[in-house]
Protein chains: 2
Amino acid sequence: MPSKIPRTRIQKKNHETILEAALDVFSRHGFRGATLDQIALASGLSKPNLLYYFPSKVSIHRALLERLMTNWLDPLYKLNANGDPVEEILAYVLRKLDMAREYPRESRLFANEIVQGAPNIADQIEGELKALVDDKAQVIKGWSEAGRIANVDPYHLIFSIWATTQHYADFDAQVRKIIETDGSSHFDDAGVFLNRMFRRMLAPDI
Amino acid sequence: MPSKIPRTRIQKKNHETILEAALDVFSRHGFRGATLDQIALASGLSKPNLLYYFPSKVSIHRALLERLMTNWLDPLYKLNANGDPVEEILAYVLRKLDMAREYPRESRLFANEIVQGAPNIADQIEGELKALVDDKAQVIKGWSEAGRIANVDPYHLIFSIWATTQHYADFDAQVRKIIETDGSSHFDDAGVFLNRMFRRMLAPDI
DNA sequence: CCTCACTTTGACCAAATGGTCAAGACCACG
DNA sequence: CGTGGTCTTGACCATTTGGTCAAAGTGAGG
């Protein structure tokens with residue numbers, strides 16, 4: 001039985017392969033909707049082999065969420081307290097939108113998990129996510145109180161950024177059916193729209 | 001076997017009971033995650049009895065989505081082309097936020113369905129939903145071109161309203177863990193925030 | 001090239017799950 | 001009441017699914 005940390009070349013490779021396949025399957029069907037057989041098929045490994053590397057289905061799911069959490073938080077982490085307030089927040093919006101464009105599977109993975117009550121990442125949300133958000137909310141609150149941006153509730157500002165950007169990944173099926181567009185050019189349009197939207201709402205009160 | 005349209009008193013009552021229970025279960029676990037046993041338990045009926053009223057699990061799900069679609073679209077339907085543009089759109093935002101507050105299960109039901117590619121409501125999205133959105137987008141475009149609101153892409157405006165309001169229902173688990181608040185007062189805060197946000201972004205260009 | 005730990009898998013299992021069915025309970029109505 | 005349709009359910013079934021296991025295959029270091 002391989003230990004939690006992969007040691008050998010083969011273990012590294014297969015761990016990777018499994019998580020990649022699992023991302024595909026879990027993000028499309030949710031935890032309950034995904035089956036080990038699907039993941040096995042997608043990864044090119046046999047089902048017992050999956051369970052040689054991970055002790056259970058839920059452990060694969062948890063490993064995935066854990067592994068992706070850091071990257072997921074990175075755009076907010078990069079928000080720089082010493083930069084120009086409006087430009088920092090706008091840059092954050094665009095980073096999030098780029099994440100939605102480049103990593104829709106990751107976005108949907110988290111969306112599925114949270115819509116169903118976050119049974120497997122409650123800890124991480126209450127832990128590192130909340131800590132980071134609290135930290136950055138303080139920064140934004142500072143900007144707000146200094147009159148460098150409009151007076152807004154920093155938490156709801158962050159929620160509105162998450163909502164509007166992730167929407168294009170999580171609800172892609174709906175967006176695509178309403179805006180008939182070949183390719184994903186609606187991400188570009190969304191970028192223009194969100195840029196104007198948040199710039200307007202952040203402009204300092206006189 | 002009862003026909004598609006319930007006739008007798010008992011059929012009406014049980015149809016209702018089943019759909020109510022199914023809403024609870026499907027919205028919490030998604031289609032695949034929900035089981036007939038759970039719905040049976042929640043409705044107080046036996047599993048075979050469920051299948052006496054509906055031919056299959058998926059038919060319950062579809063009946064639910066169909067039944068709720070009209071109410072779901074109602075807030076947008078009420079957007080009045082002859083009203084004051086800014087106030088009409090703001091009123092729409094608040095109606096949507098109220099829906100998220102009052103009917104979070106419905107919101108999550110749709111969220112679950114769409115995140116997973118809308119396998120059961122593709123028709124309705126491409127049909128009545130798209131038709132309604134196209135219609136109202138034209139109205140907003142008219143306002144925009146007449147200079148009565150800022151120059152915004154009406155489709156992305158609508159998406160941003162959906163995203164920001166439904167976020168509080170769909171991602172409630174996350175919101176709750178980040179804003180530690182007893183009760184649901186964050187809906188009130190969200191109302192204040194969104195009101196200011198959209199008012200600012202819609203203010204006509206000079 | 002041998003050995004031993006690492007890796008892989010076919011066969012299998014128990015539980016869960018969507019669905020069926022025949023028989024019985026119930027209800028409305030003449 | 002009694003009768004015919006409506007409603008309900010215990011028992012059952014086939015399939016799916018997460019997970020096990022013993023045995024066979026493979027690879028890296030001595």
Side-chain angles (χ1 to χ4, degrees), chain A residues 1-65 112-113 116 119-120, chain B residues 1-65 112-113 116 119-120:
Chain A
M1 187 198 307
S3 55
K4 276 135 218 258
I5 297 163
R7 304 164 187 284
T8 74
R9 177 178 55 84
I10 297 178
Q11 275 179 35
K12 268 194 192 112
K13 188 192 66 181
N14 284 350
H15 255 258
E16 198 54 40
T17 305
I18 292 170
L19 289 178
E20 162 64 25
L23 172 58
D24 225 70
V25 177
F26 280 133
S27 70
R28 255 188 313 178
H29 305 291
F31 177 72
R32 190 60 158 47
T35 70
L36 287 179
D37 284 313
Q38 287 172 32
I39 298 173
L41 186 70
S43 66
L45 299 177
S46 68
K47 187 167 62 165
N49 210 1
L50 250 53
L51 294 163
Y52 171 72
Y53 289 102
F54 291 91
S56 65
K57 180 186 177 185
V58 75
S59 73
I60 300 178
H61 194 240
R62 271 201 272 261
L64 242 193
L65 290 168
N112 263 309
E113 175 69 9
Q116 295 183 17
N120 281 314
Chain B
M1 189 195 308
S3 55
K4 277 138 217 259
I5 297 162
R7 305 163 187 284
T8 74
R9 176 178 55 86
I10 296 180
Q11 275 178 37
K12 268 194 193 114
K13 190 193 64 177
N14 284 349
H15 254 258
E16 198 54 39
T17 306
I18 291 170
L19 289 177
E20 162 63 26
L23 172 58
D24 225 70
V25 176
F26 280 133
S27 69
R28 257 188 312 176
H29 304 291
F31 176 72
R32 191 58 160 46
T35 70
L36 287 179
D37 284 311
Q38 288 172 39
I39 298 173
L41 186 70
S43 66
L45 301 177
S46 67
K47 188 167 63 166
N49 210 1
L50 251 52
L51 293 162
Y52 172 73
Y53 290 102
F54 292 90
S56 64
K57 179 185 176 184
V58 75
S59 74
I60 300 178
H61 194 240
R62 272 201 271 262
L64 242 193
L65 290 168
N112 264 310
E113 175 69 9
Q116 294 182 18
N120 282 314

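In what follows, chains carry the letters A, B, and so on, assigned in the order in which the sequence lines appear, proteins first and then strands, with residues in each chain numbered from 1.
With rounding to the nearest 0.5 Å, the separation of CG in A/Leu23 from CZ in A/Arg28 is 10.0 Å. To the nearest 0.5 Å, the span separating CG on B/Leu51 from CD1 on B/Ile18 amounts to 8.5 Å. Taking NE2 from B/His29 and CG from B/Asn112, the interatomic distance works out to 10.5 Å, rounded to the nearest 0.5 Å. Between A/Arg62 atom CZ and A/Asn120 atom CG the span is 5.0 Å, to the nearest 0.5 Å.
The phosphate of D/dT8 (OP1 or OP2) has a side-chain N or O of B/Asn14 nearer than 4.0 angstrom. Look at B/Gln11 and you won't find any side-chain N or O under 4.0 angstrom from OP1 or OP2 of D/dT6. For A/Tyr52 and C/dT7, the shortest distance from a side-chain N or O to OP1 or OP2 is below 4.0 Å.
One can place NZ of B/Lys57 at 18 Å from C1' of C/dT20, the figure rounded to the nearest angstrom. Rounded to whole Å, atom P of D/dT17 lies 14 Å from atom CG of A/Leu50. A straight line from CG of A/Leu51 to P of C/dC13 spans 18 Å, rounded to a whole angstrom. Spacing between atom NZ of B/Lys13 and atom P of D/dT6 amounts to 17 Å, rounded to whole angstrom units. What separates CZ of B/Phe54 from P of C/dG18 is a distance of 15 Å, to the nearest Å.
Checked against side chain to side chain donor-acceptor pair (under 3.5 Å), B/Asn14 has the following partners two or more places apart in sequence or in another chain: B/Tyr53. With sequence neighbours excluded, the residues satisfying ring pair (Phe, Tyr, Trp, His ring centres under 6.0 Å) with A/His61 are A/Phe26, A/Phe31. Under the side chain to side chain donor-acceptor pair (under 3.5 Å) criterion, A/Arg32 pairs with no residue, sequence neighbours left out.
The stretch residues 41-49 of chain B touches DNA chain C through B/Lys47, B/Pro48, each having a heavy atom within less than 4.0 Å of the strand. Residues from residues 18-37 of chain A lying near DNA chain D, meaning a heavy-atom separation below 4.0 Å, are A/Ala34, A/Thr35, A/Leu36 in numerical order.
A/Ala22 and A/Leu64 make their closest contact through C-CD1, 3.8 Å (heavy atoms, listed as atom of the first residue, atom of the second, distance).
Side-chain contact between A/Leu50 and A/Lys57 is absent, with no heavy-atom pair separated by less than 4.5 Å.
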Please tabulate, one pair per line, all N/O donor-acceptor pairs under 3.5 Å involving side-chain atoms of residues 35-43 of chain A, not counting sequence neighbours.
residue, atom, partner, partner atom, Å
A/Thr35, OG1, A/Gln38, N, 3.1
A/Ser43, OG, A/Ile39, O, 3.0
A/Ser43, OG, A/Ala40, O, 3.1
A/Ser43, OG, A/Leu45, N, 3.3

- Note on the structure: Going 5' to 3' through nucleotides 22-30 of chain D and flagging B where a protein heavy-atom sits under 4.0 Å of the base, S where only the sugar-phosphate is that close, and - otherwise, we get ------S--
